[in-house]
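A short write-up of the structure that comes next.
Order of appearance sets the numbers: ligands from 1, and atoms from 1 within every ligand. For the numbers below, each heavy atom of this structure counts, side chains included, while hydrogens, waters and symmetry mates do not.
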Amino acid sequence: MLKAKSILLGVSGGIAVYKSAELVRLLVKEGASVHVVMTANAQQFVTPMTFQVLSNNVVGTDLFSMESESRISHIQKARLPDLIVLAPATANLMAKMAAGIADDYLTTILLATTAPVLVCPAMNVKMWEHPATQRNLRTLVELGYRIQPPAVGALACQEEGAGRLAELGDIMEGSIRLLTPPSLAGKTVLISAGPTWEPFDPVRFLSNPSSGKMGYALAKIASRRSARVHLVSGPCCLEAPAGVERTCVTSALEMRDAILRLSPDADAVVMAAAVSDYRPSERAIQKIKKAQQGLSVLFEPNPDILAALGEVKPPAQVLVGFAAETENLLANARKKLGQKNLDFIVANDLTRKGSGFACDTNEVKIIERSGAVSDLVPMTKEEVASEIWNRVEQLFTGAKD
Ligand code: C5P
């Protein structure tokens, strides 16, 4: 997402400046071309040389540099970037921006630019909570700046509270969001993810090795594209992606209830969860004791959530399923596509390395209602998610035409 993007990193003077050096490294690693501009105070914490070496570009420090100002460099610098990230943004920088003050290189660029700006505040908790800073924050939001809120925790000044620079991963994600076209804006999407647990006593259950990664990747990419995202998740260890509304469930019956409650408002539903096909007919109240003889558990079928959605699907809703198979991939997937009334199905062969449960990559085929089959090369689950949303978006536009 950041490949060949030009990012201007504005650094103002707070102790978190040292973290911005790492941010430059991460941005460059993702393929961005990074130009750093430092305020005079920032240079008291870390020298421009550090940023110059990490970004491989000259660091801007001085509005009145004879050499660069012969080319009116602050205006050029303001035109150049696809995105400006301010990290750390001090209370002083925020105040100047709110007032429209342009008295140094960075603030002059900020007044002259039309690029989106991500403001990442970092300061002492009292400074953050001060009514003047909070008023400036509101003004910045009104002016169209995006804010990456500070994290809560231990601060360099030995106090606790809000004011730590946001985690670098969150700043990276915030940057990617600002650079992603909002192609799903105004749409509500519903995604299921992860396994289900079907308990037969208080400590034992039937399940499968689903990690939830595919469903969470779908939620993350849809949210980046500005959809309203509901994620119904079975038990897994993943954090909800930024901006996603998550409902956590355990069993298939709980998942069905959550999905059926949320689906009528969804423009698209993607069922990526590995729902257990069976649940134990009975659940012991106490832990079943170990015994010499074997243990027999009787299972009964779980409802097929996707098939139920297919039966009541509104005409404009896009319905997508997954088919994880160990044999006859295409034939089985095609059968499910028809039986469950889907718009398309994403099929993966569980016997292939780098595909299916728990890995970061997936090798899938997408089968459409028309019968067309797209054979995708092995790619990350986020890339598979992008391919899926591209197709959903095509179906949305097709429905409008
Ligand atoms: O029939 P099969 O279980 O292979 O179908 C897989 C698709 O159906 C997946 O999209 C899965 O999320 C969904 N499914 C469901 N309810 C079930 C079983 C599967 O919604 N009980």
Counting only heavy atoms not in Glu300 (residues, nucleotides, ligands), do more than 12 fall under 6.0 Å from its CD?
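Yes.
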With distance as the sole criterion, is a donor-acceptor pair present between the side chains of Asp104 and Thr107 under 3.5 Å?
yes
Going by the side-chain hydrogen bond (donor to acceptor under 3.5 Å, both in side chains) test, which pairs reach into residues 259-278, not counting sequence neighbours?
none
Exactly one of Ile7, Leu106, Ile109, Leu118 should register a side-chain contact (heavy atoms from CB on, under 4.5 Å) with Ile84. Which one does?
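Output: one option passes, namely Ile109.
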Whether Glu22 and Lys19 form a salt bridge (side-chain N of Lys/Arg under 4.0 Å from carboxylate O of Asp/Glu) is what I want to check.
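No, no charged N to carboxylate O under 4.0 Å.
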salt_bridge(Lys336, Glu325) N-O dist < 4.0 Å:
yes
Inventory of protein N or O atoms under 3.5 Å from ligand 1 N or O:
from: ligand 1; atom 1: 1 (O); to: Lys340; atom 2: NZ; distance (Å): 3.0
from: ligand 1; atom 1: 4 (O); to: Lys336; atom 2: NZ; distance (Å): 2.4
from: ligand 1; atom 1: 5 (O); to: Lys340; atom 2: NZ; distance (Å): 2.9
from: ligand 1; atom 1: 8 (O); to: Lys340; atom 2: NZ; distance (Å): 3.0
from: ligand 1; atom 1: 10 (O); to: Met271; atom 2: O; distance (Å): 2.7
from: ligand 1; atom 1: 10 (O); to: Phe322; atom 2: N; distance (Å): 2.9
from: ligand 1; atom 1: 10 (O); to: Phe322; atom 2: O; distance (Å): 3.4
from: ligand 1; atom 1: 12 (O); to: Met271; atom 2: O; distance (Å): 3.4
from: ligand 1; atom 1: 12 (O); to: Ala273; atom 2: O; distance (Å): 2.7
from: ligand 1; atom 1: 16 (N); to: Ile305; atom 2: N; distance (Å): 3.0
from: ligand 1; atom 1: 20 (O); to: Ile305; atom 2: N; distance (Å): 3.4
from: ligand 1; atom 1: 20 (O); to: Leu306; atom 2: N; distance (Å): 2.8
from: ligand 1; atom 1: 21 (N); to: Pro303; atom 2: O; distance (Å): 2.9

